[in-house]
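One structure is given here, and the rest of the page talks about it.
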Amino acid sequence: MTAVFKREFKSYFTSPLGYVYLAIFLFFEGMYFSTLYNNSSTSIEIIFSSLATIVVFITPVLTMRLLSEDRRQKVDQALLTAPVTVTGIVLGKFLAALAVYALAFSPTLLFQITVSFMASVNWLIYLNAALGAMLIGAALIAIGMFISSLTESPVISCILTLISFLLLMVLTNLAAMTGVSWLVSAAEKIAFVNLFFAFTESVFRITDIIYLVSISAVFVFLSVRAVEKRRWS
Amino acid sequence: MIEVSSLSKKYGNHLAVNNVSFSIKKGEVVGFLGPNGAGKSTIMNIMTGYLSLTSGNVSIDGFDIIDQPEEAKKRIGYLPEIPPLYTDMTVREYLYFMYDLKKVSFPKKPHIDEITRLVKIDNVIDRLIKNLSKGYRQRVGIAQALIGNPDLLILDEPTVGLDPKQIIEIRNLIARLGKNHTIILSSHILSEIQEVCERIIIINKGNIVADDTPTNLSKNLSSDHSLSLRVVGNEADIQKILSSVPNIKSIKCLGKKEEGSVDFVLEPKPDCDIRAAVSERLAERKKTILSLHSGEMTLEQIFLRLTDDTDRGAYYSKETESPKSNTPKVKLNLETGEALVGEQTEAEKEYKKEDK
């Protein structure tokens with residue numbers, strides 16, 4: 001697992017992909033931070049929810065190659081015939097994408113520390129927002145990875161992932177248009193991307209955490225099954 | 001070392017491998033021979049745990065590939081048909097990655113250095129794999145299979161797409177590795193398999209159609225195959241002389257290919273060697289033979305024989321069950337048709353290997 005993780009993490013930075021991903025985040029984080037700074041605000045956590053749209057739009061590029069590229073280049077033969085479990089391989093890749101995602105949010109920690117020297121900051125609120133961002137990211141990456149396991153083409157994987165992420169974002173609005181109340185409440189539960197705002201507003205619900213962890217676990221599991229299934233077809 | 005018993009693999013409704021059984025002992029170098037789509041790669045992919053099987057059993061060193069995949073896979077080095085390379089890595093990064101992936105316990109750097117020297121890629125070790133030529137990529141693929149020094153090497157068409165010089169190099173490498181590894185390699189090139197393998201398993205349409213030593217196979221396949229002959233003289237004369245030679249089933253004239261000479265193809269009766277008789281008879285009549293050789297046995301011909309000729313099929317099933325001791329005294333080299341008299345002894349084999 002560690003070997004796959006290390007390779008996968010490095011591979012983000014042997015192509016421009018990882019740099020572009022981080023640069024986009026850095027740009028928006030910097031922009032939001034300068035706005036907060038100019039308004040003498042110490043609520044760094046707001047940056048997390050402001051980035052929700054960016055996350056939805058560009059995280060598909062992190063996951064698009066995870067399981068599709070290996071299959072296209074036939075490298076999966078080396079991985080699957082090595083004495084490692086499929087779960088180990090899939091988890092290694094999942095964690096590598098999650099690490100890049102975490103790296104993208106790391107500047108907020110610097111902002112928080114910088115501000116803490118000048119004013120009093122609430123670390124709990126910051127950490128809660130950061131935890132939320134990580135859990136939501138993990139769930140999104142797991143979904144993206146599952147989609148990448150279904151196709152050999154990174155482009156198709158990227159587009160399908162983007163569509164599913166966008167659906168997650170607009171699901172509540174779509175449900176609201178129908179006016180059916182149970183549909184609206186169901187959509188609110190399913191559209192976990194919106195939890196970004198809850199976490200930022202220092203809402204800490206253990207159910208949300210369990211929910212997000214479960215989504216990640218289910219999709220990591222499904223990815224493993226998708227890889228396994230190809231062997232048996 | 002390897003036990004494969006009644007292995008079958010279905011892709012949907014297509015039966016790719018049909019009830020295949022064989023066992024390979026430690027130290028054997030075995031060749032899988034078959035046309036494209038015969039099921040060679042599928043069998044290899046199943047043995048290495050890449051694909052599952054529909055029914056049957058595969059065990060490597062006593063470990064079942066389905067029940068104890070990790071233990072079984074530890075003992076296998078696998079080079080698939082397309083080398084599984086991460087083209088965005090350098091050779092060193094890639095080999096270090098495979099080393100980590102395979103959880104090898106040898107010291108990392110000396111082990112990798114030794115392998116890269118062995119397959120002669122130490123001069124490109126810091127180059128990106130995507131900038132390497134096909135031959136080097138293939139060698140990186142072999143290097144990858146050697147990491148961890150597994151007992152069993154499974155090489156799927158290791159020389160495909162290489163130039164003649166590289167083919168010889170890889171073949172020599174395989175022969176060298178064969179001294180202390182069990183090797184299974186596949187190919188659709190007969191001469192290649194013949195050079196390095198002690199045993200050939202011929203696969204066609206998912207079935208094993210022959211399983212024998214190269215010499216046995218060639219003897220049985222070439223004992224009655226046609227002779228090509230080029231003689232100085234005119235067609236009618238020679239036709240007359242040849243028709244007086246016994247044991248010839250048919251004489252076919254191919255006409256003039258070289259000034260002043262005529263070409264013939266002679267088909268002997270089954271199990272007859274007519275070369276000596278033909279040569280003597282022509283010499284008696286003062287006819288000069290410019291060339292006389294067995295027609296090349298192509299893979300297609302072998303397949304036609306092994307799959308169409310039911311008698312032969314029966315012969316092979318009988319042959320595989322019988323002990324190896326009854327090897328024929330006169331053997332024919334499959335490619336050149338030259339006869340090797342007497343059995344090749346172990347010492348001769350060893351000498352031949354070293355000669356390479």
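Here is the naming used below: chain letters follow the sequence lines, and residue numbers restart at 1 for every chain.
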Electrostatic pair Glu114(B)-Arg117(B), nearest N-O below 4.0 angstrom | no
For Phe192(A), the option from Leu171(A), Asp208(A), Leu140(A) that meets side chain to side chain contact (heavy atoms under 4.5 Å, CB included) = Leu140(A)
Taking side chain as everything from C-beta outward and backbone as N, CA, C, O, which of these in [X] sits under 4.5 Å from a heavy atom of chain A? Side chain, backbone, both or neither.
X	answer
Ile147(B)	neither
Tyr50(B)	both
Leu128(B)	neither
Leu101(B)	both
Lys103(B)	side chain
Thr54(B)	neither

Which atoms of [X] are under 4.5 Å from chain B, going by heavy atoms: the side chain, the backbone, both sets, or neither?
X	value
Asp70(A)	side chain
Thr81(A)	both
Ile89(A)	neither

Among [options], residue most engaged with chain A (heavy-atom pairs, under 4.5 Å):
options	value
Gly49(B), Ser52(B), Gly148(B), Pro84(B)	Ser52(B)
Gly141(B), Pro83(B), Pro80(B), Ala72(B)	Pro80(B)
Lys73(B), Met89(B), Glu81(B), Lys10(B)	Lys73(B)
Glu93(B), Gln144(B), Glu71(B), Lys9(B)	Lys9(B)

Polar contact flag, side-chain donor to acceptor under 3.5 angstrom, Thr90(B)-Asp126(B) = no
State, with a plain yes or no, whether a side-chain heavy atom of [X] is found less than 4.5 Å away from one of [Y].
X	Y	result
Ser41(B)	Glu157(B)	no
Asp113(B)	Asp122(B)	no
Val84(A)	Met1(A)	no

Where is the tightest heavy-atom contact between Tyr99(B) and Pro107(B), given as atom of each residue plus distance?
-> OH-C, 3.8 Å
Heavy-atom pair with the smallest gap, counting every atom of Pro60(A) and Cys158(A) | CB-O, 3.8 Å
Cation-pi check, Lys108(B) to Tyr96(B): give yes when NZ or CZ is under 6.0 Å from the six-membered ring centre and within 45° of the ring axis, no otherwise.
-> yes
